[in-house]
Asker: 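Take this structure, written in structure tokens, and hold onto it; I'll ask about it next.
This is a predicted model, so every value here is computed, not measured. Labels below follow one simple rule: chain letters A, B, ... track the order of the sequence lines, proteins then strands, and each chain is numbered from 1.
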There are 2 protein chains.
Amino acid sequence: MEKNKLSFKTKIMTMSTVKEMTGLSERQIRYYEEKKLVFPDRSPSGIRKYSLSDIRLLINIAEQIKKGVRTDLIREQIHGENLSIS
Amino acid sequence: MEKNKLSFKTKIMTMSTVKEMTGLSERQIRYYEEKKLVFPDRSPSGIRKYSLSDIRLLINIAEQIKKGVRTDLIREQIHGENLSIS
DNA sequence: CGTGTAAGGAATTCTGACACG
DNA sequence: CGTGTAAGGAATTCTGACACG
């Protein structure tokens, strides 16, 4: 038995709060998920749940995209994939 | 300009998450608010938003009520009201 | 590629009230 | 007193798609 520990990784927020805190649109937030950049949990009925660290991540992603970085590259950063140079 | 600081006091969770984390019913959670024991924020449309510390508080309140303590007394504890003994 | 939007349905949340006690 | 519930409406969230480029 371990106590329920809360961390910045705990998925607790719904879309509305995430939109408000990141300033991003639902479309953007869902698209980043589609591109495997963020991984929210889902409630039994399918409602997305995000953590505080997801907020950080989302903001970071949006900044990079604004700079012209593609989602593919961002994904590699996040996943720490150092693919060999062909 | 101050950065948006996040703390355990930041109101970010909706009812569903609070219900899940506290194990309480909506009725109980709303009743404790009615009795001035908890103070969630409200989104523009009226949706309640709770903080992580609210979760702690709610669990604490429920435990006391289970022990037979009345909401009036709990409220005094919370508000630090040391009324004189008549 | 990254994002906006209209579309329709499903799930959430809200309030005020009746109930028991 | 503290909590359950049925009631009806309003707001949220979800998915798949068309659009631009």
Asker: Please check the phosphate of C/dT15 (OP1 and OP2 only) for any side-chain N or O of B/R42 closer than 4.0 Å.
Answerer: yes
Asker: What I'd like to find out is whether the side chain of A/Y31 reaches to under 4.5 Å of the side chain of A/E34, using heavy atoms alone.
Answerer: yes
Asker: Check step by step if side-chain contact (heavy atoms from CB on, under 4.5 Å) holds for A/R42 and A/R48.
Answerer: CA-CA 5 Å; A/R42 293 276 186 156; A/R48 271 170 268 250; 2.9 Å; yes
Asker: With clusters defined by side-chain heavy atoms of hydrophobic residues (ILVMFWY) lying less than 4.5 Å apart, directly or transitively, does B/I29 cluster with B/I55?
Answerer: yes
Asker: Of B/E63, B/Q64, B/R56, which meets side-chain hydrogen bond (donor to acceptor under 3.5 Å, both in side chains) against B/N60?
Answerer: B/Q64
Asker: Does the side chain of A/Y31 get closer than 4.0 angstrom to OP1 or OP2 of C/dG2 through an N or O atom?
Answerer: yes
Asker: B/T22 versus B/Q28: any side-chain heavy-atom pair under 4.5 Å?
Answerer: no
Asker: Please report the distance, rounded to the nearest Å, between CG in B/L24 and P in D/dG2.
Answerer: 14 Å
Asker: Who pairs with B/F8 by ring pair (Phe, Tyr, Trp, His ring centres under 6.0 Å), at least two apart in sequence or on another chain?
Answerer: none
Asker: Quick one: are A/S16 and B/K49 in side-chain contact, heavy atoms under 4.5 Å?
Answerer: yes
Asker: Is there a side-chain contact between B/I59 and B/M21, using heavy atoms and a 4.5 Å cut-off?
Answerer: no
Asker: How long is the line joining CD of A/E34 and C1' of C/dG4, in whole Å?
Answerer: 14 Å
Asker: Between atom CD in A/E63 and atom P in C/dG2, what is the gap in whole Å?
Answerer: 16 Å
Asker: Quick one: side chain to side chain contact (heavy atoms under 4.5 Å, CB included) partners of A/L37, sequence neighbours excluded?
Answerer: A/Y32, A/K35, A/I61, A/T71, A/I74, A/R75, A/I78
Asker: Would you mind building the protein contact string for nucleotides 6-13 of chain C? One character per nucleotide, 5' to 3', B for base within reach (heavy atoms under 4.0 Å), S for sugar-phosphate only, - for untouched.
Answerer: -----SSS
Asker: What would the secondary structure line of DNA chain D be in dot-bracket form, counting Watson-Crick and G-U wobble pairs under 3.5 Å, with [ ] for pairs that cross earlier ones and | for pairs with another strand?
Answerer: .||||.||.|.|.||.||||.
Asker: State the CD1-OH distance between B/I12 and A/Y50, to the nearest 0.5 angstrom.
Answerer: 14.5 Å
Asker: Where along residues 54-61 of chain B does a heavy atom come under 4.0 Å from DNA chain D, residue by residue in number order?
Answerer: none
Asker: With sequence neighbours excluded, tell me which residues meet side-chain hydrogen bond (donor to acceptor under 3.5 Å, both in side chains) with B/S51.
Answerer: B/S53, B/D54
Asker: Kindly say if B/Y32 contacts the phosphate of D/dG2, meaning a side-chain N or O under 4.0 Å from OP1 or OP2.
Answerer: no
Asker: Which nucleotide in the list C/dT3, D/dG4, D/dG2 gets nearest to the side chain of B/R27?
Answerer: D/dG4
